[in-house]
Amino acid sequence: MALASKYSPKEVEEKWYSYWMEQGYFKSQVNEKEPYTIVIPPPNVTGVLHMGHMLNNTLQDILIRRARLKGFNACWVPGTDHASIATEAKVVAKLKADGIEKNDLSRDQFLEHAWDWTHKHGGIILEQLKKLGASCDWDRTKFTMDPELSDSVIKVFVDLYNKGKIYRGYRMVNWDPSAQTTLSDEEVIYQEKQGTLYYLKYQIADSNDFLTIATTRPETILGDTAICINPNDERFTHLKGKKAIVPICDREIPIIEDEYVDIEFGTGCLKVTPAHDINDKALGDKHNLEIIDTLNDDGTLNSFGMHYQGKDRFVARKELVKELEAMGRIVKTEPYTNNVGTSERTGAIIEPKLSDQWFLDMKELAQPALDAVLNEEVALVPAKFINTYRHWMENVRDWNISRQLWWGHQIPAYFYGDGKQDFVVAQTQEEALLMAQETSGNASLTIADLKQDPDVLDTWFSSWLWPISVFNGIMEPDNEEINYYYPTNDLVTAPEILFFWVARMIIAGYEYRDAKPFSNVYLTGIVRDKQRRKMSKSLGNSPDPIELIEKYGADGVRVGMLLSSPAGNDLMFDEDLCKQGSGFVNKIWNAYRLVQGWDVNEQTPQTESEKLAIDWYKNKFAQTLETIEDHYSKYRLSDALMATYKLIWDDFCSWFLEAVKPPYQGTMSQTTYDQIIGIFEENLKLIHPFVPFVSEEIWQHIAKRNPEDALIVASWPETTDFNEKVIADFEFATDVVAGIRTIRKEKNISFKDTIDLKVLDNEKVNQQTDAMITKLGNIASLDYVDAGVDGAMSFRVKSNEYFVPMAGAIDVEEEIAKLTEELAYTEGFLKSVQKKLSNERFVSGAPEQVVAIERNKEADALAKIETIKASLKGLE
RNA sequence: GGGCGCUUAGCUCAGUUGGUUCAGAGCACUUGGUUUACACCCAAGGGGUCGGGGGUUCGAAUCCCUCAGCGCCCACCA
């Protein structure tokens, strides 16, 4: 059957993906084989595939497919994350569009909407991954709010609470006034913003004097509870022990002294607002200051805001400045850039706020996780991230794990009284009741008296358990699955979540399995556009991955993603790379078309040059395989692809197939053909992780295969020894062919016209390659000569000289010029080599091998110079 | 402010412990080609004083110092 010259991915991809699914190749269960496991970084359940996912999951699929070919029990666990704040924000926005406010709903009503949304949009992203060819074990698909996974989260919370690691604290936290929840430090993004530094005058009590302070947030003066000066600041000795009066609210506040104040900055006087600044809080604690919280949860001012009550903090700022101006209290203003914290999810400007929250004490938990990375039990790829990791882990701070949201795992703390400490932490309500009765000494408490903490846990408090919880391994030491699959092998993720997620998974791994969660962490780069801008929805510079797959095929896009993405480096995505990817796929397809179109005849004998080419390619393959394995072992997947790409395109297609191609209307020996098919099959195994679809398509075309013989479950080529001489001999011949082509090009001799070739064989090369040279150079006659040939164009490979006699007169001048240039270069080269060799310190100091190499170079150069000189003489 | 990293061809990047003709690859570019798979093709070719300066060494893209530019992470001084 005639095959189309253009490979069309669409139906091929659908066909083989469903075949793979039907046959259950992606499935994994506990067996006697060695496992190779990857857990997917769970994407947000309601998200859609973006380029980062494409890159990430392409890499994982390459690793998992290769492991499957290598005979491991390959298990790739897919799933999604409930993404507490992100999902809740989306649901709130959706409800708002429908005219419903979150606050009008009960918790249960809201959760119902959230689940509806999750069911509607959840899983879309997993379907998209299938289009990419992701060979996940879909039967294992997990969601962080599945009953078993939720159960793990609650168990871990209770356990850590009982261990004294989780505590409740009244602390300064990051408050997102838009989502009205706290955020962990990691969820706050600092951005440089142009602001104003206001210099404000405060009257000193019982005097007509004023002092001036500088602030970027004038609206917070209403929460001031002190002015602080540096005790060593001589300018302010007269203020010691005095009081100041806060403008507008006319509250009297003490002037305190603390060396914390920077004498150089601003005016040297610092206003202290313990409720709204982390450093001020510390000062306040130290000096026993009053705390006045002037903000509502939504970022508007509360009753302490007086006539600004109910106004947003930024509106209040403007108006308050006007009022102060009118009062003559603004000395001056100056522009000032400072870093403003914003919410990672909502973008709102974060307010430091004091509140009761749950914290996890990280210090001790982090230690084994730090050690594991430092001693490379867990390897970070690239290793440059080790330093960053260490720095973070050594300075790790307690983790604020509570969020004032509804979508997520509700904190299993139950309040039975009105006191802040009147609570118990328990796995279930029933358990909680018993504990509450006991703790309170009140046996008549009922379920109705218990109020569960309304807050939910930080999303990462469930995803940090992911490599364990997907196998139900928390608190189940004897679970067969976890004991088999854990620790997993590789984790592929983005460096931006090294701390959010990776570090915490390692911590949880040691705490709950007493073992690392994975051995290697492959940190990908960020996908950027050609202008190096991060791809984002708002910029509209991110192509739709599914459209790309439609356009270039999944194989093409996979290759495109990988062509320029060394680990840890950002990837400048360019659609042309996908074009190159689909070009590669098409090349493979056409190579197959060529081979399957040959006429094969049992009677046709195998030629010497066929044998030679096959021998060469097998050795070349083995040599390249070694390189490829080395790249894989270092997670240099782009390099592994490039090595494969060049093997297939240059070595296999351009040289091998051209060398064995039968003459026009000729036939090929059955032996040769079978060997070529065998080689083709080995190639397909090698490319399968990168281009799973086209490789399977060709594999199944080559022969009718039983399900157990599909390419996806074939066996990866073994590394073998290879003969470097065979490779070198063949490549000597390809150099000769290239020399012939250059002359053809220079002299405008068409490839269709035959030429003669005379060889001055100083190298005593393997003449078996002559047949190939004749074929690929389109040589009419190849003869060996003892001396240079006049009236011919010449070129040299090592010290061999090749002559192509010219029918017409050759341009002597031009030839002389060319040869003279080559001579000058070679002589210069010789000179530098001889200089080295005549250097006593080099000969005695350098390793023997290096010196020997230099001596070889000298000999080669000398021989070559001889041939060039001889040729020049012939021309004169 | 603290830490880490980067600077090699027009672009994106390799270059392991200093030593093979080490100055590389892919893409882009130039030129020539309807060679019986592929124009998503074939062939040939041009292109870099390895950011600047200094040092160590027989020998430096590679090690050290210094200057310049860029990026990232952490901290968050009103």
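Every value quoted in this text rests on a predicted model; they were computed, and no experiment measured them. All chains are named by letter (A, B, ...) in the order of the sequence lines, taking the proteins before the strands, and each is independently numbered beginning at 1.
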Short N/O separations, protein against nucleotides 76-78 of chain B, under 3.5 angstrom:
from: B/rC76; atom 1: OP1; to: A/Arg397; atom 2: NH1; distance (Å): 3.4
from: B/rC76; atom 1: N3; to: A/Asn339; atom 2: ND2; distance (Å): 3.0
from: B/rC77; atom 1: OP1; to: A/Asn279; atom 2: ND2; distance (Å): 2.0
from: B/rC77; atom 1: O2; to: A/Asp262; atom 2: OD2; distance (Å): 3.2
from: B/rC77; atom 1: N3; to: A/Asp262; atom 2: OD2; distance (Å): 3.2
from: B/rA78; atom 1: OP2; to: A/Tyr336; atom 2: OH; distance (Å): 2.2
from: B/rA78; atom 1: O2'; to: A/Ala214; atom 2: O; distance (Å): 3.2
from: B/rA78; atom 1: N6; to: A/Asp262; atom 2: O; distance (Å): 2.6
from: B/rA78; atom 1: N6; to: A/Phe265; atom 2: O; distance (Å): 2.9
from: B/rA78; atom 1: N1; to: A/Asp262; atom 2: N; distance (Å): 3.4

Please pick, from B/rG15, B/rC74, B/rC73, the nucleotide with the shortest atom-to-atom distance to any side-chain atom of A/Trp392. B/rC74

Is a side-chain donor-acceptor pair under 3.5 Å present for [Y] with [X]?
{"X": "A/Lys193", "Y": "A/Thr342", "result": "no"}
{"X": "A/Thr667", "Y": "A/Thr604", "result": "yes"}
{"X": "A/Glu187", "Y": "A/Ser184", "result": "yes"}
{"X": "A/Thr273", "Y": "A/Asp224", "result": "yes"}
{"X": "A/Tyr199", "Y": "A/Glu334", "result": "yes"}
{"X": "A/Tyr802", "Y": "A/Asn800", "result": "yes"}

Locate the shortest heavy-atom distance separating A/Arg235 from A/Ile263; write the atom from each residue and the value. NH2-O, 3.3 Å

Determine the interatomic distance between [atom1] on [N] and the same-named atom on [M]; round to the nearest Å.
{"N": "B/rC22", "M": "B/rC67", "atom1": "C1'", "value": "28 Å"}
{"N": "B/rG47", "M": "B/rC27", "atom1": "C1'", "value": "14 Å"}
{"N": "B/rG48", "M": "B/rC13", "atom1": "C1'", "value": "14 Å"}
{"N": "B/rU12", "M": "B/rG54", "atom1": "C1'", "value": "32 Å"}
{"N": "B/rA75", "M": "B/rG59", "atom1": "C1'", "value": "45 Å"}
{"N": "B/rG51", "M": "B/rA14", "atom1": "P", "value": "14 Å"}
{"N": "B/rG71", "M": "B/rG24", "atom1": "P", "value": "31 Å"}
{"N": "B/rG15", "M": "B/rU62", "atom1": "C1'", "value": "9 Å"}

[atom1] of [X] versus [atom2] of [N]: gap in Å, rounded?
{"X": "A/Glu496", "N": "B/rC74", "atom1": "CD", "atom2": "C1'", "value": "16 Å"}
{"X": "A/Glu746", "N": "B/rG46", "atom1": "CD", "atom2": "P", "value": "10 Å"}
{"X": "A/Arg841", "N": "B/rU56", "atom1": "CZ", "atom2": "C1'", "value": "13 Å"}
{"X": "A/Asn395", "N": "B/rC4", "atom1": "CG", "atom2": "P", "value": "14 Å"}
{"X": "A/Asp753", "N": "B/rG32", "atom1": "CG", "atom2": "P", "value": "18 Å"}
{"X": "A/His631", "N": "B/rG15", "atom1": "NE2", "atom2": "C1'", "value": "12 Å"}
{"X": "A/Glu854", "N": "B/rC22", "atom1": "CD", "atom2": "P", "value": "11 Å"}
{"X": "A/Phe842", "N": "B/rG59", "atom1": "CZ", "atom2": "P", "value": "11 Å"}

Please name all residues satisfying side-chain hydrogen bond (donor to acceptor under 3.5 Å, both in side chains) with [X], sequence neighbours left out, ordered by chain then number.
{"X": "A/Asp185", "result": "A/Asn174, A/Arg397"}
{"X": "A/Lys634", "result": "A/Asp630"}
{"X": "A/Arg317", "result": "A/Glu219"}
{"X": "A/Lys661", "result": "A/Glu658"}

For nucleotides 23-31 of chain B, give me one character per nucleotide, 5' to 3': B if any protein heavy atom sits under 4.0 Å from the base, S if the only such contacts are to the sugar-phosphate, - if neither. --SSS---B

Please write out the pairs of protein N or O atoms and N or O atoms of nucleotides 6-8 of chain B separated by less than 3.5 Å, giving the distance to one decimal.
none

Which class fits the ring pair A/Trp589 and A/Tyr592: parallel under 30°, tilted 30 to 60°, perpendicular over 60°? tilted

Give the C-alpha distance, both sets of side-chain angles, the deciding distance and a yes or no for ring pair (Phe, Tyr, Trp, His ring centres under 6.0 Å) between A/Phe656 and A/Phe652. CA-CA 5 Å; A/Phe656 177 74; A/Phe652 183 71; 5.5 Å; yes

Closest-nucleotide 5' rank along RNA chain B - winner of A/Met572 and A/His391: A/Met572

Residues in ring pair (Phe, Tyr, Trp, His ring centres under 6.0 Å) contact with A/Trp175, at least two apart in sequence or another chain: none

For A/Gln191, is the CD atom crowded, meaning more than 12 foreign heavy atoms sit under 6.0 Å from it? yes

Taking Watson-Crick (N1-N3 plus N6-O4 or O6-N4) and G-U wobble (N1-O2, O6-N3), each under 3.5 Å, can you produce the dot-bracket string of RNA chain B? Use [ ] for crossing pairs and | for inter-strand ones. (((((((..((((.....[....)))).(((((.......))))).....(((((..]....))))))))))))....

Using a heavy-atom cut-off of 4.0 Å across all strands, would you classify A/Ala861 as base, sugar-phosphate, or nothing? nothing

Filtered N/O pairs between nucleotides 34-41 of chain B and protein, under 3.5 Å:
from: B/rA37; atom 1: O2'; to: A/Asn590; atom 2: OD1; distance (Å): 2.5
from: B/rA37; atom 1: O2'; to: A/Arg593; atom 2: NH1; distance (Å): 2.7
from: B/rA37; atom 1: N6; to: A/Glu658; atom 2: OE2; distance (Å): 2.9
from: B/rA37; atom 1: N3; to: A/Asn590; atom 2: O; distance (Å): 3.1
from: B/rA37; atom 1: N3; to: A/Ala591; atom 2: N; distance (Å): 3.4
from: B/rC38; atom 1: O4'; to: A/Asn590; atom 2: OD1; distance (Å): 3.0
from: B/rC38; atom 1: O4'; to: A/Asn590; atom 2: ND2; distance (Å): 3.4
from: B/rC38; atom 1: O2'; to: A/Asn586; atom 2: ND2; distance (Å): 3.2
from: B/rC38; atom 1: O2; to: A/Lys587; atom 2: NZ; distance (Å): 3.1
from: B/rC38; atom 1: N3; to: A/Lys587; atom 2: NZ; distance (Å): 2.9
from: B/rC40; atom 1: O2; to: A/Ser582; atom 2: O; distance (Å): 3.1
from: B/rC40; atom 1: O2; to: A/Gly583; atom 2: N; distance (Å): 3.2
from: B/rC41; atom 1: O3'; to: A/Lys587; atom 2: NZ; distance (Å): 3.2

Tell me which pairs pass salt bridge (Lys or Arg N to Asp or Glu O under 4.0 Å) where either residue lies in residues 585-601 of chain A, with sequence neighbours left out. none

May I have the step-by-step check of side chain to side chain donor-acceptor pair (under 3.5 Å) for A/Tyr645 and A/Gln580, ending in yes or no? CA-CA 11 Å; A/Tyr645 184 97; A/Gln580 197 187 337; 3.3 Å; yes

List for me each residue that meets side chain to side chain contact (heavy atoms under 4.5 Å, CB included) alongside A/Asp639, sequence neighbours excluded, and say none if there are none. A/His631, A/Arg636

